[in-house]
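So that the names make sense, note that chain A is the first sequence line, chain B the second, and so on, each numbered from 1.
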Amino acid sequence: MSSDRPLAAEPNRKPITPGEIFSDPVLMQLRRSLLGWYGSRGRDLPWRHTRDPYKIWVSEIALQQTQVKTAIPYYHRFLDRFPTIADLAAADLQDVLKAWQGLGYYARARNLHRAAQALVCDFGGVFPREFDSAIRLPGIGRTTAGGILSAAFNAPVPILDGNVKRILARLTALEVPVKQAEKSLWALSDRLLDRRNPRDFNQALMDLGATVCTPKNPTCLLCPWSDRCQTRQYNLQSQIPMRETSAPIPHKTIGVAVIWNDRGELLIDRRPPEGLLGGLWEFPGGKIEPGESMEECIAREIREELGIEIAVGDRLIEIEHAYTHFRVTLTVHHCRHLSGEPQAIECDEIRWVDVDELDNFPFPKANVKIIEALRDSNFRG
DNA sequence: TACACGTGGCA
DNA sequence: TTGCCAAGTGT
């Protein structure tokens with residue numbers, strides 16, 4: 001221990017490091033108390049009513065970096081639309097992305113689709129029981145593999161998601177950000193895991209993190225582990241887990257064109273298959289440059305991206321939107337097609353569509369706001 | 001090993 | 001308005 005550690009001073013405390021093994025009787029007590037708590041306080045969640053590894057897989061993917069409340073309606077709609085692995089494998093990627101529209105992190109949908117096709121090819125459309133097979137599937141990492149295999153097959157595989165990291169960091173009063181202790185936290189999750197009931201144990205851990213050992217204001221009075229928690233003992237709940245340092249997020253100003261032709265159709269493009277919002281459709285546009293007016297920006301971007309000339313008209317709407325690593329202001333203008341045949345220069349595909357057809361394409365959230373504004377302005381005449 | 005990757009909610 | 005956080009994975 002360094003003498004100038006950043007945590008509030010409790011001079012004589014002896015933190016438990018994650019690598020340090022709890023004694024067997026303590027481990028048994030922790031398992032028993034958590035499973036007891038889960039029996040009475042655990043959540044009733046849709047994917048806990050099935051042992052179908054496909055359904056559990058879909059739930060685990062939808063839940064990555066996503067709160068339960070947000071994921072639930074997508075879970076139902078996705079399985080309604082693609083009831084089996086074979087259905088998902090046979091579907092068009094565009095339909096899969098449409099089912100995922102609004103949930104974000106669209107690589108999850110692309111990976112689900114690819115993984116389903118791999119399962120049909122290599123495993124007869126059956127989700128594997130082996131960890132080494134599961135973790136090779138795109139979109140399935142160590143935590144998701146553990147979540148699926150423990151929930152579907154009661155396999156003794158540990159997990160280490162955000163909830164478990166926070167719980168274990170607090171249990172041991174971890175003195176470094178969790179990112180710096182991944183290895184020992186995995187070891188602790190594995191050591192704690194109840195081998196007789198890994199399914200309920202892992203689910204209980206996540207419920208505890210989501211409902212009791214929350215990031216802010218944890219309800220330690222309701223926690224089955226409070227008597228063993230080093231963080232509670234020294235009242236460091238607001239300081240552990242320690243914050244990671246993060247860079248400030250930039251802000252971009254984007255000009256966007258809603259381009260009409262003389263048949264009353266508008267122009268949309270499909271983004272490249274990988275990267276930000278990969279495979280989704282959008283209204284074309286781009287970042288404003290220094291000294292440029294918004295009208296100049298939009299005309300230039302459309303010339304560069306689509307090879308056509310347009311007249312930039314009235315502003316339709318301005319949209320503020322936050323992504324993970326940057327924020328944007330979209331300034332959207334009605335535009336009129338003047339000359340040139342649109343070409344897919346910086347995108348995958350372009351299409352002229354009627355307003356009523358827009359619902360058939362997957363759009364990112366910010367573009368859905370544009371579509372809504374378009375409909376509203378039509379109603380007003 | 002860091003960083004990219006969406007969206008909603010909350011202070 | 002800005003920052004942080006939530007059932008992580010891929011590169």
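- To the nearest whole angstrom, the two P atoms, one in C:dT9 and one in B:dG8, are 22 Å apart.
- Contact annotation for A:W47: base contact, defined as any heavy-atom pair under 4.0 Å involving a base atom.
- Per the geometry, CZ belonging to A:F363 stands 18 Å off C1' belonging to B:dT7, to the nearest Å.
- Of the side-chain N and O atoms in A:Q65, one or more sit less than 4.0 angstrom from OP1 or OP2 of C:dG8.
- Rounded to whole Å, atom P of C:dT9 lies 16 Å from atom CZ of A:R136.
- Spacing of C1' atoms, C:dT11 relative to B:dT1, comes out at 11 Å, to the nearest Å.
- Among the atoms of the strands shown, base atoms are found under 4.0 Å from some heavy atom of A:A322.
- Under 4.0 angstrom from either OP1 or OP2 of C:dC5 there lies at least one side-chain N or O belonging to A:R243.
- Using a 4.5 Å heavy-atom cutoff, the side chains of A:P224 and A:L208 are in contact.
- B:dC5 atom C1' lies 14 Å from atom CG of A:L97, rounded to whole Å.
- A:D161 has its CG atom 10 Å from the C1' atom of C:dA6, to the nearest Å.
- At the heavy-atom level, A:S59 lies nowhere under 4.0 Å from the strands shown.
- For B:dG8, one of the phosphate oxygens OP1 or OP2 lies less than 4.0 angstrom from a side-chain nitrogen or oxygen of A:K365.
- Residues of residues 138-150 of chain A having a heavy atom closer than 4.0 Å to DNA chain C, listed by number: A:P138, A:G139, A:I140, A:G141, A:R142, A:T143, A:T144.
- For B:dA4, neither phosphate oxygen OP1 nor OP2 lies less than 4.0 angstrom from any side-chain nitrogen or oxygen of A:Y105.
- Among the heavy atoms of the strands lying under 4.0 Å from A:R166 are primed sugar atoms or P, OP1, OP2 only; no base atom is included.
- Within 4.0 Å (heavy atoms only), A:V68 reaches at least one base atom of the nucleic acid.
- Side-chain proximity of A:N163 to the nucleotides C:dT9, C:dA7, B:dC5 is greatest for C:dA7.
- Using a cut-off of 4.0 Å between Lys/Arg side-chain N and Asp/Glu carboxylate O, A:D122 and A:R136 are scored as not salt-bridged.
- At the heavy-atom level, A:G209 lies nowhere under 4.0 Å from the strands shown.
- Minimum atom distance to the side chain of A:Q64 is reached by C:dT9, of the listed C:dC4, C:dT9, B:dC5.
- Judged by distance alone, with hydrogens and angles left aside, A:T66 brings a side-chain donor or acceptor within reach of the base of B:dG6, the pair sitting under 3.5 Å.
- Using a 4.0 Å cut-off between charged nitrogen and carboxylate oxygen, A:R199 and A:D194 do not count as a salt-bridge pair.
- A:L63 places its CG atom 8 Å from the P atom of C:dG8, with the value rounded to the nearest Å.
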*Test A:H49 against A:D44 for side chain to side chain donor-acceptor pair (under 3.5 Å), laying out the working first.*
CA-CA 8 Å; A:H49 294 285; A:D44 178 18; 2.6 Å; yes
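- The pair A:E296-A:R300 does not count as a salt bridge, with every side-chain nitrogen at least 4.0 angstrom from each carboxylate oxygen.
- C:dT11 atom P lies 10 Å from atom CZ of A:R110, rounded to whole Å.
- Ring planes of A:F127 and A:W57: tilted class, angle from 30 to 60°.
- Side-chain N/O atoms of A:R108 and base N/O atoms of C:dG10 include no donor-acceptor pair closer than 3.5 Å.
- Across all strands, A:I159 comes closer than 4.0 Å to no nucleic acid atom at all (heavy-atom distances).
- In this structure, the side chains of A:P362 and A:W100 stay at 4.5 Å or more apart for every pair of heavy atoms.
- Atom CD of A:E182 and atom C1' of B:dT1 are 12 Å apart (whole Å).
- A salt bridge links A:D190 and A:R195; the closest N-O separation between the charged side-chain nitrogens and carboxylate oxygens is under 4.0 Å.
- As rounded to the nearest Å, C:dC4 and B:dA4 have P atoms that lie 15 Å from one another.
- Here B:dC5 presents its P atom at 13 Å from NE2 of A:H321, a figure rounded to the nearest Å.
- When each of A:H325 and A:T70 is assigned the nucleotide of DNA chain B bearing its nearest heavy atom, the one mapping closer to the 5' terminus is A:H325.
- Atom P of C:dA7 sits at a distance of 23 Å from the matching atom of B:dC3, rounded to the whole Å.
- Between A:Q67 and A:F326, the one whose closest nucleotide on DNA chain B sits nearer the 5' end is A:F326.
- Between A:K98 and A:D92 no salt bridge is recorded (no basic side-chain N to carboxylate O distance below 4.0 Å).
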